[in-house]
Amino acid sequence: MKKLEQIYEGKAKRVYATDDPQIVIVDYKDDATAFNGLKKGTITGKGVVNNKVSNHFFRLLGSKGIPTHFVEQLSERETAVKRVEILPIEVIVRNRAAGSFSKRMGVAEGTELSSVILEYSYKNDALGDPFINSYYIRALNLATDAEMEQVKNYSLRINDILREYLWNLGIELIDFKLEFGRCDGKVILADEISPDTCRFWDRATGKKLDKDRFRQDLGEVEEAYREIIRRLMGE
Ligand code: TMP
Ligand code: ASP
């Protein structure tokens, strides 16, 4: 497979075309942003960690029957994935109160939730990814009802799989963000699942092992990313 021209640059990744029209290459950067790009920085080695961690989770989810865009890891920072049309919807799954939920609802961070929360936002940086619901999605033709049924079912199943997997590694999965894409008429999991897109708390100490260390200036940011790789892959 040959890497061709760059077709997209996001805040944390670059995407390249290849000589196969069905495949693109994702290249993970060390650049970090938060609060819709207001805070900028670099987390050394983040791209390598996120590439490996995301591929690890995508392989696990694939083995449990979740269709994903993952094809093959090409290097420390690069992965070949299926070309998809990304649904302009960010799906957030919450198991415990934190982040924007705590702020919006006035519920202290760490508060247990009586049941899982599924939340949608419109993927649009200029608008600050506004909160939406299924009526917005239907009215604006962002996705069909059939697609959203799959998005919902996959998201809840992914939560069950990742929660149990991480729990056994001493990590509590607090919340995370997913993106899905259309490929050959089907909905598949796309984008990444990494310490950038999840909240991981150490079960024993409650220590944050994710991008909140960068967002909140907690220090030991690189160490937290490395700790996730160590727990998941023993590296
Ligand atoms: P939030 O509490 O800030 O809404 O974030 C919920 C989860 O989604 C958290 O694990 C971080 C992740 N997330 C992203 O991956 N990208 C984003 O742009 C935002 C706002 C959150
Ligand atoms: N990556 C997002 C941004 O810059 C938000 C975040 O992860 O906090 O805006």
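As the structure lists them, so they are numbered: ligands from 1, and atoms in each ligand from 1. Nothing fancy with the numbering, it's 1 onward along the sequence.
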Tyr28 ring centre to Lys46 NZ or CZ under 6.0 Å, with the angle to the axis within 45°? no
Closest to atom 11 (C) of ligand 1 among protein heavy atoms sits Arg215 NH2, 3.5 Å
Heteroatom proximity flag, Asp175 to ligand 1, N/O under 3.5 Å: yes
Check this for me: does any side-chain nitrogen of one of Asp27 and Lys3 sit under 4.0 Å from a carboxylate oxygen of the other? yes
For Phe176, the atoms of ligand 1 under 4.0 Å from one of its heavy atoms are 10 (O)
Which one of Glu179, Glu78, Glu192 satisfies the salt bridge (charged side-chain N to carboxylate O under 4.0 Å, His left out) criterion with Lys13? Glu192
Relative to the heavy atoms of Gly37, which atoms of ligand 2 are at a distance of less than 4.0 Å? 3 (C), 4 (O), 9 (O)
For the residue pair Thr79 and Asn51, confirm or rule out a side-chain donor-acceptor distance under 3.5 Å. yes
Just say parallel, tilted or perpendicular for the rings of Tyr154 and Phe180, cut-offs at 30° and 60°. parallel
Closest heavy-atom pair, Ile193 versus Leu61, reported as atoms and distance to 0.1 Å, is CD1-CD1, 3.8 Å
Give me the nearest non-hydrogen protein atom to atom 7 (O) of ligand 2 as residue plus atom name, then the distance to 0.1 Å. Lys211 NZ, 2.8 Å
What about Asp196: any of its N or O atoms under 3.5 Å from an N or O on ligand 2? no
Indicate whether the side chain of Ser100 and that of Arg94 have a donor and an acceptor atom separated by less than 3.5 Å. yes
Note the single closest protein heavy atom to atom 4 (O) of ligand 2, along with its residue, its atom name and the distance in Å. Thr33 OG1, 2.4 Å
Below 4.0 Å from any atom of ligand 1, is there a heavy atom belonging to Arg94? yes
Name the closest protein heavy atom to atom 13 (N) of ligand 1, giving the residue it belongs to and the distance to 0.1 Å. Lys177 CB, 3.9 Å
Hphob cluster co-occupancy, Ile23 + Ile188, side-chain heavy atoms under 4.5 angstrom: no
Can you pull out the closest protein heavy atom to atom 8 (O) of ligand 2? Residue, atom name and distance to 0.1 Å, please. Arg215 NE, 2.7 Å
Protein heavy atom at shortest distance from atom 17 (C) of ligand 1: Glu90 OE1, 4.2 Å
Taking atom types as modelled, is there a side-chain donor on Asp196 or Tyr225 under 3.5 Å from an acceptor on the other? yes
Closest protein heavy atom to atom 2 (C) of ligand 2, given as residue, atom name and distance to 0.1 Å: Lys11 NZ, 3.9 Å
Which bit of Ser100 is near ligand 1, meaning a heavy atom under 4.0 Å away: side chain, backbone, both or neither? both
Just jot down the ligand 1 atoms closer than 4.0 angstrom to any heavy atom of Asp196, in number order. 15 (O)
Is a donor from one side chain sitting under 3.5 angstrom from an acceptor on the other, for Asp175 and Asn95? no
Side-chain H-bond candidate by donor/acceptor type, Lys186 with Gln150, under 3.5 Å: no
Could you tell me whether Lys39 approaches ligand 2 through its side chain, its backbone, both or neither, with non-hydrogen atoms closer than 4.0 Å? neither
Part of Ile174 within contact of ligand 1 (heavy atoms, under 4.0 Å): neither
Quick one: which ligand 1 atoms are inside 4.0 Å of a heavy atom on Gly99? 2 (O)
Students should be able to answer this: which protein heavy-atom is nearest to atom 5 (O) of ligand 1, and at what distance? Arg199 NH1, 3.5 Å
